[in-house]
There are 2 protein chains.
Amino acid sequence: MPRVVCPRCEKAETVQKSGIVRKKQRFYCKDCNYHFTIYHESIKSRKKQKPNSGGQTSLLDIAKAVGVSVSTVSRALNNHPDISEKTKVAIKSIAKELAYEPNALAQSLVTRSTHTLGVIIPNLHTTFFATMLSGIQHVSSQAGYRVVICQSDDLHQTEVANVQALMNNMIDGLLFCHSLETSTFDHIKIQLRRGIPIVQFYRVSLEVETPCVFCEDENGAIQVTEHLIEMGCRRIGILLGPPHLMISKKRLEGYYKALNKFKIPLDPKLVANVDFSTKSVHSSVDNWLHLDVPVDAVFSISDKSAVQTIQYLKKLHIKVPDTVCVAGFGNEYTGEIIEPQLTTFDVRTGLIGEKTAKLLLNRIIDQNSTSENVTVKGHLIVRDSSKRVQHL
Amino acid sequence: MPRVVCPRCEKAETVQKSGIVRKKQRFYCKDCNYHFTIYHESIKSRKKQKPNSGGQTSLLDIAKAVGVSVSTVSRALNNHPDISEKTKVAIKSIAKELAYEPNALAQSLVTRSTHTLGVIIPNLHTTFFATMLSGIQHVSSQAGYRVVICQSDDLHQTEVANVQALMNNMIDGLLFCHSLETSTFDHIKIQLRRGIPIVQFYRVSLEVETPCVFCEDENGAIQVTEHLIEMGCRRIGILLGPPHLMISKKRLEGYYKALNKFKIPLDPKLVANVDFSTKSVHSSVDNWLHLDVPVDAVFSISDKSAVQTIQYLKKLHIKVPDTVCVAGFGNEYTGEIIEPQLTTFDVRTGLIGEKTAKLLLNRIIDQNSTSENVTVKGHLIVRDSSKRVQHL
DNA sequence: TTGTATGCGTTATCAC
DNA sequence: GTGATAACGCATACAA
């Protein structure tokens with residue numbers, strides 16, 4: 001004769017009834033001073049009491065309607081091969097009828113996969129980053145992944161806060177483009193240790209061991225600088241971002257290489273770091289114009305500042321490109337609108353986003369996929385802001 | 001002597017042991033032909049067997065470490081008043097030590113709130129919508145909500161697919177800006193019936209009963225048109241979007257009102273619907289220029305087309321604003337860069353996004369908050385593209 | 001082929 | 001003040 005065994009001490013002799021709790025028989029083990037109930041009783045009362053909790057159709061509703069078990073329904077809807085065609089058809093038909101939608105939360109809790117990616121990006125005001133995001137979103141949604149976004153507003157603190165906000169098991173992977181301010185990376189390293197796949201793009205740090213997606217920073221800078229040299233420029237000012245950024249470093253490197261190739265002397269006075277604000281751009285340009293040998297070209301590593309430069313030069317009645325050539329980097333839409341139109345290097349922002357998402361998705365889907373860094377090829381776009389007849 | 005009761009028939013006499021399954025005692029009710037096990041046994045073996053499943057610290061881990069129950073830990077971490085200070089401190093300290101992070105999935109499953117908003121927006125390539133999204137994201141994140149984005153790419157089918165993809169219980173509310181193509185709204189109505197809070201913004205449909213956030217469509221169009229009239233223009237071509245869009249209708253209405261006010265005859269030939277493509281804009285402008293009495297102004301309801309118009313007129317060597325004034329609507333960044341700079345109506349895209357998010361969040365947080373439509377005030381920005389000396 | 005039980009990690013309810 | 005456990009909705013190992 002089976003008896004109830006105390007779950008603590010495993011004995012049956014010491015167990016006695018101890019009243020009814022919520023309509024369930026409750027037991028008590030004298031030996032361990034331990035109260036407990038039996039599972040099945042509660043199952044039963046649950047099934048009887050629940051009409052329908054949240055209003056949504058659940059597997060249980062379908063199971064009851066069809067007259068099968070929840071697991072059968074689950075398997076049928078997932079096209080499990082074990083389930084007979086007949087049952088599948090019946091279940092799917094009822095599911096449709098009841099407008100069943102799986103509860104992704106419950107699924108995720110079980111499968112430990114949310115089909116959601118997080119993106120942290122400096123801002124969305126500019127087409128530049130927005131287009132990257134656009135690429136990310138398109139690729140992700142094609143692969144059946146949602147995209148959660150956060151803007152760091154180029155603030156380190158916000159970036160850190162964003163990471164934390166995203167990290168509550170709600171995302172399967174993270175895409176990262178650092179804020180201008182960010183120069184420490186513990187907030188990412190922590191998450192990396194937790195095992196979440198991360199890919200950095202555009203503004204990356206090699207200090208963090210993740211795959212990265214770059215644009216052609218150095219090569220692009222070489223192409224732009226060489227082009228300006230070929231246009232006859234010899235005093236090329238370069239407008240960089242904050243010095244700690246890798247894009248600043250690598251583009252400066254490219255600039256140097258091009259000058260060296262043409263044996264043009266380097267002049268530290270021609271290198272300026274700006275924070276991309278109008279004020280800082282104007283002041284750098286001012287400095288350059290007042291040098292003993294003033295600039296005959298400005299190469300800005302952002303189109304935004306290049307446009308600001310053109311506008312400023314025009315305001316000063318300095319002719320572009322005749323007196324000063326201007327070139328940007330990035331290929332934003334504004335470059336086509338400014339007059340003269342802007343020579344720039346198309347980094348292909350949309351493609352950067354797409355490649356980044358693909359890289360991350362590959363890592364997520366194919367755990368042991370080799371994930372190496374990717375460099376997105378760009379190309380030089382020569383427009384009027386640098387086209388000038390050579391002073392032979 | 002307590003005995004195991006069959007969960008089906010509630011009898012105890014018919015129950016007998018039926019072997020050990022996965023280390024648990026299994027029972028069998030002869031009467032119902034029903035096999036079952038007892039709950040507590042499995043609990044016990046679980047606790048012994050599981051080391052740690054996903055690697056993440058859970059409440060159970062903390063409970064074990066501190067020597068209290070899971071419920072106590074949960075309450076302590078939620079600052080429940082019942083828990084003693086001492087216990088709270090102990091639990092929180094261990095929680096920190098174990099780097100505990102609550103599993104938002106599990107929380108959401110129980111609380112039925114994901115703290116996530118979905119946004120469906122036509123695109124992200126243009127600053128226009130990206131800035132709205134930016135506003136939405138800022139407000140949401142301040143309120144502790146995540147934002148999931150989808151672009152419809154101005155395709156109705158994609159818009160519909162997006163809704164479905166977002167709707168798996170993963171979001172608490174939905175923000176909607178329709179695609180250009182969309183003119184049926186069943187996909188939203190279905191979701192509305194399910195009880196999910198929705199707010200439409202910018203491109204809205206009154207056919208769907210949700211709160212809406214508008215910009216000053218009619219009033220803005222009145223202001224722009226009046227301004228052009230005051231500049232001496234009498235033949236003002238208006239460049240609308242697809243005719244089914246409410247923004248087309250309302251802005252046309254404003255245009256008419258302004259003309260009427262100044263007793264300027266309406267000419268249907270001066271009203272054009274375009275799909276915002278370069279080609280369609282050029283062709284409309286061409287038509288207007290070849291009228292018997294050609295246009296002396298173009299009012300485009302999008303800045304993008306206004307810029308295209310200016311560029312085209314310049315290409316045709318038609319002077320802006322001397323021969324033809326141009327005005328846009330929206331205030332995109334490009335309007336400041338084009339030459340002459342574009343007169344436009346600032347609809348304040350960022351603010352539209354913010355107001356939209358606030359409206360939705362209010363509805364979510366405050367179930368019975370009255371949620372009425374909101375119109376975001378904008379203002380006319382007069383720039384060179386319309387400033388001309390009056391022909392008195 | 002189908003059903004049963006269990007677990008995912010949390011909150012809420014009730015008992016003590 | 002604390003503990004036990006049901007429940008959220010689903011997937012799945014195992015039993016039948």
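Chain A is the first sequence line, chain B the second, and so forth, proteins listed ahead of strands; every chain is numbered from 1.
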Classify [X] by what it touches in the nucleic acid, base, sugar-phosphate, or nothing, heavy-atom distance under 4.0 Å.
X        : answer
A/Val70  : nothing
B/Asp82  : base
A/Leu109 : base
B/Ser84  : sugar-phosphate

ask   = Starting at the 5' end of DNA chain D, which residue's closest nucleotide do you reach first, B/His80 or B/Ala106?
value = B/His80
[X] side chain near [N] phosphate (N/O to OP1/OP2, under 4.0 Å):
X        : N      : value
A/Asn78  : D/dA11 : yes
A/Ser58  : D/dG9  : no
B/Arg112 : D/dG9  : yes
B/Gln56  : C/dG9  : no
A/Gln107 : D/dC10 : no

Closest approach of [X] to [Y] (non-hydrogen atoms, all atoms of both residues):
X        : Y        : answer
B/Gly173 : B/Leu360 : C-CD2, 3.8 Å
B/Val148 : B/Thr116 : CG2-CG2, 3.4 Å
B/Ile171 : B/Gly118 : CG2-N, 3.9 Å
B/Gln137 : A/Ile149 : CG-O, 3.7 Å

Flag side-chain contact, heavy atom, 4.5 Å: [X] against [Y]:
X        : Y        : result
A/Tyr100 : A/Val73  : no
B/Gln191 : B/Phe176 : no
A/Ile188 : A/Val163 : no
A/Leu77  : A/Leu59  : yes
A/Leu105 : B/Met170 : yes
B/Met167 : B/Ile190 : no

If you only use heavy atoms from C-beta on, which nucleotide in [options] is closest to the side chain of [X]?
X        : options                : result
B/Thr111 : C/dT13, C/dT11, D/dT12 : C/dT11
A/Ser74  : C/dC8, C/dT10, D/dA11  : D/dA11
B/Thr72  : C/dG3, D/dT2, C/dG9    : D/dT2

Just how far, in rounded Å, is [atom2] of [N] from [atom1] of [X]?
X        : N      : atom1 : atom2 : answer
A/Glu101 : D/dC10 : CD    : C1'   : 15 Å
B/Leu59  : D/dA4  : CG    : P     : 15 Å
A/Ile83  : D/dT12 : CD1   : P     : 13 Å
A/Asn103 : D/dA11 : CG    : P     : 10 Å
A/Asp61  : D/dG9  : CG    : P     : 9 Å

request  = Under the side-chain contact (heavy atoms from CB on, under 4.5 Å) rule, collect the residues that match up with B/Ser113, sequence neighbours excluded.
outcome  = B/Thr111, B/His115, B/Asp172
task = Would you kindly compare A/Ser69 and A/Val110 by the position of their nearest DNA chain C nucleotide and give the one closer to the 5′ end?
result = A/Ser69
query = Looking at DNA chain C, which of residues 86-99 of chain B put a heavy atom within less than 4.0 Å of it?
reply = none
ask   = Per the atom types in the model, does the base of D/dG3 pair as donor or acceptor with the side chain of B/Arg75 at under 3.5 Å?
value = yes
inquiry  = Tell me whether the side-chain N or O atoms of B/Ser71 pair up with the base of D/dA4 as donor and acceptor below 3.5 Å, since no angle test is needed here.
reply    = yes
query = Between the two ends of the helix from C/dT1-D/dA16 to C/dC16-D/dG1, what is the bend in degrees, rounded to 10 degrees, where each end axis spans five pairs?
reply = 50°
